[in-house]
Amino acid sequence: MFIKIYNTLIAILYPLVIKRYIKKRLAKGKEDQKRFNERIGRPNLPRPEGKLVWLHGASVGESISMLPLIQKILDTYKDAHVMVTTGTVTSADVMSKRLPERAFHQYIPIDNPFFTTRFIKYWQPDVALWFESELWPAMLSCIKRKNIPLILINGRISNKSFKRWQQFDFICKELLSCFSLCLGQSEEDAYRLQVLGARNSLCLGNIKYAGLPLPIDDNKKEEIIKQIGNRTFWLASSTHHDEELRIAKVHKRLKQKFPDLLTLIAPRHPQRGNEIKSDIEKLELNVSLRSNDEKISSTTDIYIADTIGEMGIWYDIAQIVFIGGSLIPHGGQNFIEPSRVRDAVIVGPHMHNFTDAMNRAKKADAIIQVTDTEELGEIITQLLENKELLDAKRSLAYNWATNEAKVLDGIMDKVKGFI
C-alpha cells in the first residue's frame, strides 16, 4: 500500500516540485547535462546481447567496492555484460575510468515510476545487485513487478537507522519484500534486516574486504625507493586535521633513537598539503611536499605525499602503517588495504566506522590499536627494533586480510543461483 501511495504522489509532484529541484541541480553542475536523458530513463547506449547483470551503488566508495565482484561475474560468464548505475557525476567519472571490458556505466533514473519503468523495460536485466543503503520505492517496486531477482549486497543498518525503521516497520517490510535475498555486511546487519522484514537474510562477510589491489606506477615507486635509500621509515596514511601535527611530534621523539628516521604522511585530503607543511615546519622539522615535486633528501624529516592515486605505492614500500582518522573521533579509515599488502597496521582509539572489521581483526591478532600518540611511538619503536615481531605482525595482517577476501566467492555462489 505504501509503495502505491508513494508512486502516485511522486508522479503528481514531479512536474510541480521535483522538476524545479532537478533544474537547480543541473545549474549547479550536480547533474550531467550531456547525459541527463539517462536520469529520466532514456538511455543512449544499446542493450548488449546476452545476459545483463545490473549493479547499483550510490557513492564512489560503494562503486569501487563493486569492482572485484564485477570482474568475478565477467570471468564466470564470458558472454555476459555488466551495467553499473550510480547517481552522482563523481562516481560516474570514477567508474568510466575503472570499469573493465564488457562493463558500462549508466545514471540511475530519478525515482519516478514513469522513469524507472522505462529504464527496466529498456535494459531488461537478468538480475539486479543493490549496493546502496537507500531504498528507492519506485525502482524497487518496478524490479519486483518485472520478476527480476533483486539482491541486497553488503547491507548495513546502523543503530540509528534501525531504531528509526522500527518506528515505520510496515514501510520497511514492504520495501524489503522486493528483495529476493539480503546479504548483510555483518551478522548484526543480517539480523536487523531480518527483524525489519527481509524474507531471506544472511551474512557472508563484507565485500569491501575483497577489494582489488591499488594501482602502482612502478617507475614512480622505484624513484621513491631510490630517494629513501637505506633510511628507516614508516607511513601515516589517510590522516585528518590535527593528526599530522601529532604524528610530527611522534617523529621528533622517535628521531632521538633513530637519527635517520623518515616519516611519510599521506593525508586523507591531499589539498591540505601546504597547510600541513606550514604547521609541521613550526616544529623545526624539514618537510618536503610531493605536490611541489620536492624530493626526499637525506635531511628530510617528513615527506607529505599529497597526491591522488598513489596510495598503492606508499602501502607497497612501507612495512609499518598507521591509519588516520583514528586519533580523533572521526571513526577511522580503511585499514584492510595495507593489510592486504602485508603491512603491520596500527590504528588509534577511534575506529567506530569499522567496528565489525576491527572485532574480526583483533580476534586474529591482525591489528595493533593504541590509545594515544605516546603509545603509538612505543609500538613503532618495538616494531623497528624487533624484526621478528614486525614480520609476525605483517604476516598476521596479511593472512587475516586474505582469508576475509574469500567473501567474494561466497557472494558469487549466491548470485549464480539467480542468473
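None of these values were measured; they are calculated from a predicted model.
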Practice prompt. State, yes or no, whether a side-chain contact exists between Leu150 and Phe418 at a heavy-atom distance under 4.5 Å.
Written response: no

Worksheet entry | Nearest heavy atoms of Gly50 and Asp126, plus distance in Å | O-OD2, 4.2 Å

Response to the item:
Rounding to 0.5 Å, atoms CD (Glu222) and CD1 (Ile313) come to a distance of 10.0 Å

Worksheet item: Any donor and acceptor pair, going by atom type alone, linking the side chain of Arg102 with main-chain N or O of Ala80 inside 3.5 Å?
Response: yes

Worksheet item: For the residue pair Lys144 and Ser177, what are the closest heavy atoms and their distance?
Response: NZ-OG, 3.4 Å

Practice prompt. Report yes or no: do Arg145 and Thr117 form a side-chain donor-acceptor pair below 3.5 Å?
Written response: yes

Discussion item. We want to know whether Asn399 and Thr402 form a side-chain donor-acceptor pair, criterion being a heavy-atom distance below 3.5 angstrom.
Written reply: no

Discussion item. Using modelled atom types and a 3.5 Å cut-off, is there a donor and acceptor pairing between side-chain atoms of Thr116 and backbone atoms of Pro113?
Written reply: yes

Practice prompt. May I ask you to check whether Trp54 and Tyr122 place their ring centers less than 6.0 Å from one another?
Written response: no

Worksheet item: Any chance CZ of Arg42 has more than 12 other-residue heavy atoms, nucleotides or ligands included, within less than 6.0 Å?
Response: no

Fill in: Cationic N near anionic O, under 4.0 Å, Lys363 to Asp365
no

Discussion item. Take a 6.0 Å sphere around CZ of Arg25 and say whether it holds more than 12 heavy atoms from other residues, nucleotides or ligands.
Written reply: yes

Discussion item. When you compare the side chains of Thr307 and Glu310, does any donor N or O come within less than 3.5 Å of an acceptor on the partner?
Written reply: yes

Worksheet entry | Heavy-atom check, side chain of Ile120 versus side chain of Met139, under 4.5 Å | yes

Item to complete: Please check if any side-chain donor atom of Asn154 sits under 3.5 Å from a side-chain acceptor atom of Asn206, or the reverse.
Response: yes

Practice prompt. Could you tell me whether Arg246 and Glu374 have a side-chain N and a carboxylate O separated by less than 4.0 Å?
Written response: no

Practice prompt. Of all the heavy-atom pairs spanning Glu62 and Ser65, show the shortest one and how long it is.
Written response: O-OG, 2.6 Å

Practice prompt. Evaluate the side-chain proximity of Met83 to Leu55: yes if any heavy-atom separation is below 4.5 Å, no if none is.
Written response: no

Worksheet item: Would Lys393 and Asp343 pass as an ion pair if we require N to O under 4.0 Å?
Response: no

Discussion item. With a 4.5 Å cut-off on side-chain heavy atoms, are Leu45 and Glu38 touching?
Written reply: no

Discussion item. On a heavy-atom basis, which atom in Asn7 and which in Pro137 lie closest, and how many Å separate them?
Written reply: OD1-C, 4.4 Å

Worksheet item: Any side-chain heavy atom of Lys72 within less than 4.5 Å of one from Asp409?
Response: yes

Discussion item. Take a 6.0 Å sphere around OH of Tyr191 and say whether it holds more than 12 heavy atoms from other residues, nucleotides or ligands.
Written reply: no

Item to complete: Would you check if there is a donor-acceptor pair between the side chains of Glu223 and Asn219 at a distance under 3.5 Å?
Response: no

Worksheet item: Can you tell me if Ser278 uses its side chain to pair, donor with acceptor, with the backbone of Glu275 under 3.5 Å?
Response: no

Discussion item. Looking at Ile3, is its backbone amide N or carbonyl O close enough to the side chain of Glu174 to form a donor-acceptor pair, meaning the two atoms are under 3.5 Å apart?
Written reply: yes

Worksheet item: How about Thr300 and Ser288: does a side-chain donor come under 3.5 Å of a side-chain acceptor?
Response: yes

Fill in: Distance-only donor-acceptor check, side chains Ser237 and Trp314, under 3.5 Å
no

Item to complete: Mind running salt bridge (charged side-chain N to carboxylate O under 4.0 Å, His left out) on Arg340 and Glu404 for me, showing each step along the way?
Response: CA-CA 10 Å; Arg340 279 200 294 264; Glu404 291 291 334; over 6 Å; no

Worksheet item: What distance separates His269 NE2 from Ile276 CD1, expressed to the nearest 0.5 Å?
Response: 10.0 Å

Worksheet item: Mind checking whether Pro43 and Gln106 have side chains closer than 4.5 Å, heavy atoms only?
Response: yes

Worksheet item: Looking at Lys23, Lys24, Arg39, which hits salt bridge (Lys or Arg N to Asp or Glu O under 4.0 Å) with Glu31?
Response: Arg39

Worksheet entry | Distance-only side-chain donor-acceptor flag, Thr85 / His105, under 3.5 Å | no

Worksheet item: Under the 3.5 angstrom rule, does the side chain of Asp189 hit a backbone N or O of Ile157 as a donor-acceptor pair?
Response: yes

Worksheet item: Around Tyr6, counting heavy atoms of other residues, nucleotides and ligands shown, do more than 12 lie under 6.0 Å from its OH?
Response: yes

Worksheet item: How long is the span from the CZ atom in Phe104 to the CZ atom in Arg47, to the nearest 0.5 Å?
Response: 8.0 Å

Discussion item. Taking Ser91's backbone N and O only, do any of them form a donor-acceptor pair with Thr88's side chain (distance below 3.5 Å, no angle check)?
Written reply: yes

Item to complete: Spell out, as yes or no, whether a donor-acceptor pair under 3.5 Å connects the side chain of Gln194 to the backbone of Asn200.
Response: no

Response to the item:
The reported gap from CH2 in Trp136 to OG in Ser141 (rounded to nearest 0.5 angstrom) is 13.0 Å

Discussion item. I'd like to know if the side chain of Asp32 and the backbone of Lys34 have a donor-acceptor N/O pair within less than 3.5 Å.
Written reply: yes

Worksheet entry | Phe354-His352 aromatic ring centre distance below 6.0 Å | no

Discussion item. Check this for me, if you would: do Asp217 and Lys221 make a salt bridge, where the nitrogen-to-carboxylate-oxygen distance has to be below 4.0 angstrom?
Written reply: no

Practice prompt. Look at the aromatic rings of His240 and His330 and report parallel, tilted or perpendicular, splitting at 30° and 60°.
Written response: tilted

Discussion item. Are the side chains of Leu261 and Thr263 in contact, using a 4.5 Å heavy-atom criterion?
Written reply: yes

Item to complete: Please report the shortest heavy-atom distance between Gln369 and Gly348, naming the atom on each side.
Response: NE2-O, 2.9 Å

Item to complete: Inspect the surroundings of NZ in Lys295 and state if more than 12 heavy atoms from other residues, nucleotides or ligands are less than 6.0 Å away.
Response: yes

Worksheet item: Short question: side chain of Arg98, backbone of Ile64 - any donor-acceptor pair under 3.5 Å?
Response: no

Discussion item. Do Tyr107 and Arg35 pair up side chain to side chain, a donor and an acceptor below 3.5 Å, judged on atom types alone?
Written reply: no

Discussion item. Just checking Trp123: does its CH2 atom have more than 12 heavy atoms from other residues, nucleotides or ligands closer to it than 6.0 angstrom?
Written reply: yes

Response to the item:
From the list Tyr209, Phe322, Trp400, ring-ring contact (aromatic ring centres under 6.0 Å, His included) with Phe335 holds only for Trp400

Item to complete: Determine whether more than 12 heavy atoms belonging to other residues, nucleotides or ligands lie under 6.0 Å from atom CD1 of Ile308.
Response: no

Worksheet item: Is the closest side-chain heavy-atom distance between Lys414 and Leu181 below 4.5 Å?
Response: yes

Practice prompt. Please round to the nearest 0.5 Å and tell me the distance separating atom CG of Leu196 and atom OG of Ser161.
Written response: 9.5 Å

Fill in: Positive for side chain to side chain contact (heavy atoms under 4.5 Å, CB included) with Ile320, one of Leu235, Val345, Leu390
Leu390

Discussion item. If you count heavy atoms of other groups shown closer than 6.0 angstrom to CZ of Phe36, is the number above 12?
Written reply: yes

Worksheet item: Between the side chain of Ser201 and the main-chain N/O of Ala190, is any donor-acceptor distance below 3.5 Å?
Response: yes

Worksheet item: Where do Ile10 and Asn112 come nearest, in terms of heavy atoms and distance?
Response: CG2-CA, 3.7 Å

Discussion item. How long is the straight-line distance from CG of Asn292 back to CD1 of Ile304, given to the nearest 0.5 Å?
Written reply: 9.5 Å

Worksheet item: Below 4.0 angstrom, N of the basic side chain to O of the carboxylate: do Arg272 and Glu244 qualify?
Response: yes

Worksheet item: Could Glu188 and Arg192 be called an ion pair, given the rule that one side-chain N must be under 4.0 Å from one carboxylate O?
Response: yes

